[in-house]
Amino acid sequence: MVATDGRPAPKQESATFDLSAYLKQRKAQMDAALDSSVPLAYPDKIYEAMRYSLLAGGKRLRPILCLASCELTGGTVEMALPTACALEMIHTMSLIHDDLPAMDNDDYRRGKLTNHKVYGEDIAILAGDGLLAYAFEYIAAHTKDVPASQVLQVIAQLGRAVGASGLVGGQVVDLESEGKSIDEATLTYIHTHKTGALLECCVVCGAILGGAAETEQERLSRYAKNIGLAFQIIDDILDITATQEELGKTAGKDLKAQKATYPRLWGLEASKTQAQKLVEQAKAELEPFGDQAIPLLTIADFFVKRTY
Ligand code: GRG
């Protein structure tokens with residue numbers, strides 16, 4: 001089981017590891033940390049809008065990956081918690097902006113009305129901007145017991161992952177591709193940037209904070225690239241097979257918007273097989289870590305098995 005005081009989880013066998021209890025405990029820990037990370041202040045409206053989306057739920061997979069990677073490489077939960085919060089702030093801001101009428105135009109997210117539906121487009125844009133800026137401030141101001149050079153590396157990684165060479169770039173190509181027939185390379189570019197870049201950043205930042213050697217960081221980066229792509233393939237599949245209640249957002253949107261997706265390119269079954277293959281490749285990268293990698297190994301499995 002997971003230590004509740006933030007110490008590294010004790011060594012355990014994969015057969016006895018309870019992923020669902022682990023994810024539940026970590027999600028509760030993240031929900032509490034996020035709640036106290038953005039207190040209400042003047043001007044109330046913007047802080048309310050930021051908190052509305054940040055605390056609307058969500059699986060918290062990105063911060064959970066960051067904490068697990070930090071523990072795996074010798075660090076503690078406390079060392080990674082501010083970065084884990086920042087990663088969720090950035091993920092949330094990307095969802096707020098993605099849902100805007102100028103982008104994917106969605107009314108529901110995480111089972112609730114989208115930010116712009118509640119606060120208006122102007123405040124939703126600013127809530128996203130507020131969370132983005134605060135994420136960087138939060139890492140710089142709150143990270144403890146980690147050498148400054150490592151904190152600086154984390155900030156640089158994060159900037160690269162969210163900017164034009166990461167999420168922003170992926171989103172631009174996604175928008176440009178709507179309604180067009182695109183090739184597999186372009187689709188992979190979209191997914192590895194729009195979704196994969198932040199997931200990879202979570203794992204790599206955790207490893208940097210944990211003091212991982214360069215070869216370990218590279219290994220974990222390859223693990224994360226593979227699960228990142230698998231995650232998006234499953235996301236594409238769920239858009240077709242899951243209900244709005246299960247997803248907490250409008251289902252069937254990709255087809256409606258004539259978006260290129262893996263199921264559209266390869267079919268549902270071949271897409272599932274490809275996601276499974278990527279997860280196996282990801283898990284192979286963790287072999288040298290032995291049983292200590294069980295959380296990351298089982299999270300990789302969850303990425304293809306998930307139904308929401
Ligand atoms: C980051 C500066 C900056 C701008 C944002 C809008 C945009 C640029 C990028 C879009 C990124 C995006 C929304 C990618 C989709 C990623 C994805 C699969 C989200 C769903 O993740 P889950 O299932 O969601 O983990 P929960 O709600 O559980 O957190």
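Not measured: the values here are computed from a predicted model. Counting starts at 1 for both ligands and their atoms, following the listed order.
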Asks: Quick one: look up the protein heavy atom nearest atom 1 (C) of ligand 1 and list residue, atom name and how far away it is.
Replies: Met93 SD, 3.6 Å
Asks: Heavy atoms only: which of Lys194, Gln171, Arg306, Lys249 is nearest to atom 14 (C) of ligand 1?
Replies: Lys194
Asks: Could you pull out, from Met103, His91, His97, the option with a heavy atom nearest to atom 24 (O) of ligand 1?
Replies: His91
Asks: Please report which non-hydrogen protein atom sits nearest to atom 16 (C) of ligand 1, along with the residue it belongs to and the distance in Å to one decimal place.
Replies: Thr195 OG1, 3.6 Å
Asks: Which heavy atom of the protein is the closest neighbour of atom 27 (O) of ligand 1, given with residue, atom name and distance?
Replies: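 The closest heavy atom on the protein side is Arg110 NE, 2.8 Å.
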Asks: Is Phe231 near ligand 1, meaning one of its heavy atoms is under 4.0 Å from it?
Replies: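 For ligand 1, residue contact (heavy atoms, under 4.0 Å) with Phe231 is present.
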Asks: If you have a sec, work out which protein heavy atom is nearest atom 22 (P) of ligand 1 and how many Å separate them, to one decimal?
Replies: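 Result for atom 22 (P) of ligand 1: Lys59 NZ, 3.5 Å.
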Asks: Quick check: does Asp235 get an N/O under 3.5 Å from an N/O on ligand 1?
Replies: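 Checking ligand 1 against Asp235, no N or O pair falls under 3.5 Å apart.
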Asks: Are Arg219 and Phe289 in a cation-pi contact, defined as NZ or CZ under 6.0 Å from the six-membered ring centre and within 45° of the axis?
Replies: no
Asks: Which of the numbered atoms in ligand 1 are under 4.0 angstrom from any heavy atom belonging to Leu132?
Replies: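 The atoms of ligand 1 under 4.0 Å from a heavy atom of Leu132 are 2 (C).
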Asks: For residues 165-181, dump all side-chain donor-acceptor pairs below 3.5 Å to protein atoms at least two apart in sequence or in another chain.
Replies:
residue, atom, partner, partner atom, Å
Ser165, OG, Arg160, O, 3.0
Gln171, NE2, Asp98, OD1, 2.9
Asp174, OD2, Lys194, NZ, 2.7
Asp174, OD2, Lys259, NZ, 3.0
Ser177, OG, Val173, O, 2.6
Lys180, NZ, Glu176, O, 2.9

Asks: Identify, by atom number and element, the atoms of ligand 1 in contact range of Leu167, meaning under 4.0 Å from any of its heavy atoms.
Replies: 1 (C)
Asks: Is it true that, when you exclude Tyr108 itself, more than 12 heavy atoms of the residues, nucleotides or ligands shown sit nearer than 6.0 Å to its OH?
Replies: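 No, OH of Tyr108 has 12 or fewer neighbouring heavy atoms, counting only those of other groups under 6.0 Å.
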Asks: So is there a nitrogen or oxygen of Arg62 less than 3.5 Å from a nitrogen or oxygen in ligand 1?
Replies: yes
Asks: Stepwise, does the side-chain hydrogen bond (donor to acceptor under 3.5 Å, both in side chains) test hold for Glu200 with Ser221?
Replies: CA-CA 6 Å; Glu200 184 192 355; Ser221 154; 2.7 Å; yes
Asks: Can a non-hydrogen atom of Ile90 be found less than 4.0 Å from any atom of ligand 1?
Replies: no
Asks: So which atom in Leu296 and which in Ser69 form the shortest heavy-atom distance, rounded to 0.1 Å?
Replies: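 Result for this residue pair: CD1-CA, 4.4 Å.
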Asks: With a 4.0 Å heavy-atom cut-off (strictly under), which part of Asp98 contacts ligand 1: side chain, backbone, both or neither?
Replies: both
Asks: N/O of Gln232 under 3.5 Å from N/O of ligand 1, yes or no?
Replies: no
Asks: Taking 4.0 angstrom as the limit, do Arg26 and Glu88 come out as a salt bridge?
Replies: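 Looking at Glu88 together with Arg26, the answer is no, because their closest N to O distance does not fall below 4.0 Å.
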Asks: Please confirm whether the ring centroid of His191 lies under 6.0 Å from the ring centroid of Tyr262.
Replies: yes
Asks: With a cut-off of 6.0 Å (strictly less than), are more than 12 heavy atoms of other residues, nucleotides or ligands near NZ of Lys283?
Replies: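 For Lys283, atom NZ is crowded (more than 12 foreign heavy atoms under 6.0 Å).
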Asks: Going by atom type alone, with no hydrogens or angles, which donor-acceptor pairs under 3.5 Å involve a side-chain atom of residues 124-140 and a protein atom two or more places apart or on another chain?
Replies:
residue, atom, partner, partner atom, Å
Tyr134, OH, Ser37, O, 2.7

